[in-house]
Amino acid sequence: MKRIALIAALLLMLCTLSASAEETVIRPQWRVPDHVTWLLEIAGGEVGYKEGAHGYSKYGEYWGDPYAQWCAEYLCWCVDQVDKTRGTTMLHNEYPLYSGQNTGMRWFIREGRFIARNGNLENWGYQWFRGEDEFIKAGEYIPQPGDWVFFTWTSDADTDHVAMVEYCTMDDAGNVTLHCLEGNNPNSVARVTYSISDKKILGYGTVHDVADWTMRQGNSGEKVRQLQEKLVYLGLMPQGSADGVFGAATAEAISAFQRSHDLRVLGIANIETQSALDRDYQAKADTDPDMWTIIEDEEWDD
């Protein structure tokens with residue numbers, strides 16, 4: 001534990017030294033897990049690595065194509081290094097293993113851990129921070145250490161680049177800057193900065209599950225499964241039907257819930273519907289002994 005604390009202290013010192021006199025390092029809003037600290041240490045240790053002749057990189061070789069563009073491969077290689085040296089299982093669980101365009105962003109969306117920079121997730125709908133009742137505004141989410149940033153170089157929604165957030169800073173005028181680690185820039189691993197308002201940023205694959213979003217027929221993934229489990233618990237869908245796919249049966253269950261709560265009947269799980277669903281779910285769980293968690297004290301005092 002002392003070594004972990006030392007690494008964290010050194011990382012904070014690095015952040016402080018890297019920020020200019022007019023900038024302040026933004027304290028992470030959520031606890032930085034140990035595995036993220038280890039990942040940033042590995043990724044930061046690769047700064048300065050340069051590709052070889054014809055675009056060769058060890059990260060591309062790790063993936064299976066030594067001459068591939070390697071921004072994603074660099075990050076995946078770093079995750080794999082932590083898994084191998086620390087015994088973690090982050091690949092496929094905390095972070096994706098991928099190379100192709102859009103694959104990484106779609107993985108985070110399926111896992112329920114993605115926030116669009118403008119707060120509107122394409123093919124889904126508007127997003128909001130969990131437990132809140134207002135939509136996320138453009139640039140409102142400040143990415144946390146270990147989040148992955150997805151970029152597009154064109155005006156479409158396809159990802160062209162990815163980097164990892166090391167920390168963020170704010171200047172005296174309130175402008176937020178992302179300090180990132182990225183590969184293939186243009187032929188090396190480097191520390192780079194981006195404005196949080198940079199329109200090339202599509203969004204963030206997040207370490208923590210901090211946002212919910214609108215769901216509709218045709219969507220699939222972890223967020224849909226969580227929604228269906230609440231519907232099952234409230235008796236609006238049959239047991240065993242939470243498959244993570246928002247189909248006709250889920251839309252009908254949502255419509256039935258909306259009718260019973262005098263909400264607009266849309267068959268879409270919007271913010272009003274999910275807020276009401278969460279209240280009903282929590283109210284039932286609070287009186288359900290099967291949902292209670294028993295905490296045993298180590299010792300009772302006489």
Side-chain angles (χ1 to χ4, degrees), residues 15 18-19 23-26 28-30 32 36 39-40 43-44 47 69-76 78-79 94-96 98-129 134-171 173-186 189-214:
C15 294
S18 298
E23 293 182 319
T24 302
V25 174
I26 300 173
Q29 187 171 352
W30 294 274
V32 180
V36 170
L39 176 58
L40 292 173
V47 169
Q69 299 293 312
W70 48 274
C71 56
E73 289 82 348
Y74 154 66
L75 293 181
C76 294
C78 291
V79 174
E94 304 296 328
Y95 295 100
Y98 82 103
S99 176
Q101 189 180 49
N102 295 327
T103 307
M105 182 174 70
R106 289 171 181 165
W107 185 92
F108 276 106
I109 292 172
R110 284 197 309 274
E111 292 297 306
R113 292 186 284 113
F114 188 85
I115 298 180
R117 184 192 63 81
N118 63 3
N120 188 356
L121 186 58
E122 187 179 28
N123 299 321
W124 294 73
Y126 290 104
Q127 299 182 289
W128 57 93
F129 293 118
E134 293 184 357
F135 295 127
I136 297 172
K137 301 178 180 65
E140 185 177 4
Y141 174 70
I142 297 177
Q144 304 293 290
D147 284 359
W148 287 12
V149 192
F150 292 91
F151 301 86
T152 182
W153 304 144
T154 61
S155 58
D156 58 27
D158 290 327
T159 58
D160 296 306
H161 188 60
V162 62
M164 180 165 59
V165 174
E166 195 170 20
Y167 61 97
C168 293
T169 57
M170 181 181 292
D171 65 17
N175 300 306
V176 175
T177 298
L178 281 56
H179 296 252
C180 300
L181 294 159
E182 69 178 30
N184 208 32
N185 178 22
V189 177
R191 283 189 166 92
V192 293
T193 59
Y194 296 96
S195 168
I196 200 169
S197 61
D198 192 329
K199 292 184 178 179
K200 294 190 296 293
I201 297 174
L202 288 173
Y204 310 98
T206 63
V207 172
H208 301 278
D209 181 2
V210 299
D212 287 322
W213 54 74
T214 307

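A distance-only check finds no donor-acceptor pair linking the side chain of Arg117 to the backbone of Lys200 [under 3.5 Å]. Distance alone, capped at 3.5 Å, places no donor-acceptor pair between the Thr177 side chain and the Thr169 backbone. The closest donor-acceptor contact from the side chain of Gln127 to the backbone of Ala116 lies under 3.5 Å.
At a threshold of 4.5 Å between non-hydrogen side-chain atoms, the residues Val207 and Trp30 do not count as touching. Side-chain contact between Phe129 and Tyr141 is present, with at least one heavy-atom pair separated by less than 4.5 Å. A heavy-atom distance below 4.5 Å is found between the side chains of Val165 and Val149. Annotation: side chain of Glu134 is not in contact with side chain of Trp128 (no heavy-atom distance under 4.5 Å).
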* How far apart are the C-alpha atoms of Leu39 and Met164, what are their side-chain angles, what is the distance that settles it, and do they pass the side chain to side chain contact (heavy atoms under 4.5 Å, CB included) test? -> CA-CA 10 Å; Leu39 176 58; Met164 180 165 59; 3.5 Å; yes

* Please step through side chain to side chain contact (heavy atoms under 4.5 Å, CB included) for the pair Met105 and Glu122, ending with a clear verdict. => CA-CA 12 Å; Met105 182 174 70; Glu122 187 179 28; over 6 Å; no

* **From CA spacing to verdict: side chain to side chain contact (heavy atoms under 4.5 Å, CB included), Leu178, Asp198** => CA-CA 10 Å; Leu178 281 56; Asp198 192 329; over 6 Å; no

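For the atom pair CD1 (Ile196) and OG1 (Thr193), the distance works out to 13.0 Å, reported to the nearest 0.5 Å. From Ile115, atom CD1 reaches atom OH of Tyr204 across 9.0 Å, with rounding to the nearest 0.5 Å. Note: Thr214 OG1 to Tyr126 OH = 9.0 Å, rounded to the nearest 0.5 Å. One distance of note links OH of Tyr194 with CD1 of Ile201; it measures 8.5 Å at 0.5 Å rounding.
Listed here is the closest heavy atom pair of Trp213 and Ile109: CZ2-O, 3.8 Å. Closest heavy-atom contact between Gln144 and Ile142: NE2-O, 2.9 Å. Closest approach of Val32 and Pro145 over heavy atoms only: CG2-CG, 4.0 Å. A pairwise comparison of heavy atoms in Cys168 and Pro143 identifies SG-O, 3.4 Å as the closest pair. Between Ile136 and Ala211, the closest heavy-atom pair is CD1-CB, 4.1 Å. In terms of heavy atoms, Pro96 sits closest to Gly104 at CG-CA, 4.2 Å.
Judged by distance alone, the side chains of Tyr74 and Asn185 never bring a donor and an acceptor atom under 3.5 Å apart. For the residue pair His161 and Glu182, a side-chain donor N or O sits within less than 3.5 Å of a side-chain acceptor on the partner. In this model, a donor atom of one side chain and an acceptor atom of the other lie less than 3.5 Å apart for Thr159 and Asn102. For Thr206 and Asp147, the side-chain atoms include no donor-acceptor pair closer than 3.5 Å.
Ring orientation note: the planes of Phe108 and Phe150 are nearly perpendicular, at an angle over 60° on the 30°/60° scale.
Scanning for salt bridge (Lys or Arg N to Asp or Glu O under 4.0 Å) contacts around Lys199 gives an empty result, with sequence neighbours left out. For the salt bridge (Lys or Arg N to Asp or Glu O under 4.0 Å) test, residues two or more places apart in sequence or in another chain that qualify with Asp209 are Arg130, Lys223.
Centroid-to-centroid, the aromatic rings of Tyr95 and Trp148 come within less than 6.0 Å.
Taking a 6.0 Å sphere around OH of Tyr98, one finds it holds more than 12 heavy atoms contributed by other residues, nucleotides or ligands.
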